[in-house]
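The structure under discussion appears below in the form of structure tokens.
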Amino acid sequence: MQSQGGLSTRGIVISAVLAAIAIFLGATRLGFIPTPTGINATIMHVPAIIGGILEGSVVGAIIGTIFGLYSFFYATTPMFKDPIIAIVPRIFIGIFAAWTYAGLRRSGEVTAITAAAIVGTATNTVLVLGFGVMRHYLPAKVALTVGVTHGIPEIVVAVIISLAVLLGWKRVQRPEARARV
Amino acid sequence: MSEFELLRNITIGQYLPTGSYLHRMDPRAKIVATLLLVGAVSFTPTLGGNAVLLAACLLIVALGRIPLGYALRGILPAIPVLVLLAVMQLLFFGRAYDPSSPVVFHWGWIVVTAAVVRLVLVSAARFVELLMVTSVFTLSTRTTELTHGIENLLRPFRRFRVPGHELALIVTIAIRFVPTLALEAERLMKAQASRGGRIGGGRWQFVERTRQLLPILVPLFTFALRRGEELIVAMEARAYTGGAGRTAYTVLEGGPADWLVPAAALAFLVAMLRLPFPG
């Protein structure tokens, strides 16, 4: 059922549960994977990618925004206590992932999900580090190194999780089996 | 067994009832004032300005009657990162950041200019200030007040198709789901552990660590989506139709006096951006 604001009940609930996963991953620190460089790799952006793929760019953007707000309010690192770095880049994760998925859908589910996970993760890494450089938290050289050493493992993890979750979910959740009134 | 207790670490929605003026404030006014203050902190580049901001933030913490140690408890774990950030800024910016600034330290390839020193101090001060502002806001606002405030503030934007009611509902459901997810994740972790699975490991075994996360994360996502489907059925079965024409049990009633604080915050923001502070 479509409500006036343009968000269906489905859109509301799926945004909420996936945003809850992002908050949960951050609050329990399960979403941070410590790496030898001392900076944590993150998988907290994966719910935004999955939301974008399942329900489109609006849902993806909402999940990303809630994830951004959460990471701003509860951040314990200086860079993410800056609202421009914590919130703005996260809005685009789900949007770009949703567009990539929609564009590549005809070339097969696996290809489209993989590409969307890569684009979504790269959006997060590039925009966060880019804004970090712009706001003078990081020198460009350092940002580039961090981008390569963390961006690539993050992409690999995001692709694996997105594929495992979405392929499994889509197999059970055929369109005709979805809850709809 | 403490590694299985996920709920204990979740501080979202934590409220510190001190009954101060800030606690009793209209949530709408508080949200607007907080946004303006965050803007003031984020865009003040000078040392003098940040000194004023630090004083203002301390005043706000005192006004909320929140113990300073409680408001600043995020600083301790952040110190290593703060030091790392400062070292990186001092080592690598060199002359690239504001080349006209005088050099204060020069040794081999390491060049530190006055502008970079100011940058390090301002980033650290900004972090402490934002930590205080966000702590006071989250500790003095109940999540229900927050969602009512969001919904009310976004109501005028409804004609531009901004779904204020729906966004407030999303935030409510998301916060409500976090403990449910934590319980499910505890169950999954225990199930893994009872079969010989292991969670954790050092910094160097991050591939191993990631692989251990998968058997928890994938079922957790499926669980959340399945619970979501059930909630959709439940809501549609009760004929949920969104925000249009809906009335609320809690009606926020604010007088002009409530908007004095955001007005003061706006004046403060303008002053911070306009006044020529030293440094």
| query | Are the ring centres of A:F73 and B:F137 closer than 6.0 Å? | reply |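 Under 6.0 Å, so yes.
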
Is it the backbone or the side chain of [X] that comes under 4.5 Å from a heavy atom of chain B, or both, or neither?
X      : value
A:L166 : neither
A:L138 : both
A:L25  : side chain
A:I21  : both

| said: If I compare all heavy atoms of B:S42 with all of A:R135, which pair ends up nearest, and what's the gap? | reply: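 In this case the closest contact between B:S42 and A:R135 is O-NH2, 2.6 Å.
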
| remark: Heavy-atom nearest pair, A:V13 first then B:G228, reads CG1-O, 3.4 Å

| field | Salt bridge flag under 4.0 Å for residues A:R10 and B:E236 | value |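 No salt bridge links A:R10 with B:E236.
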
Side chains of [X] and [Y]: does their closest heavy-atom pair fall under 4.5 Å?
X      : Y      : value
A:I161 : B:F221 : yes
A:V46  : B:L217 : no
A:F72  : B:L130 : yes

| remark: Most contact-rich option vs chain B, by heavy-atom pairs under 4.5 angstrom, among A:V142, A:L69, A:T65, is A:V142

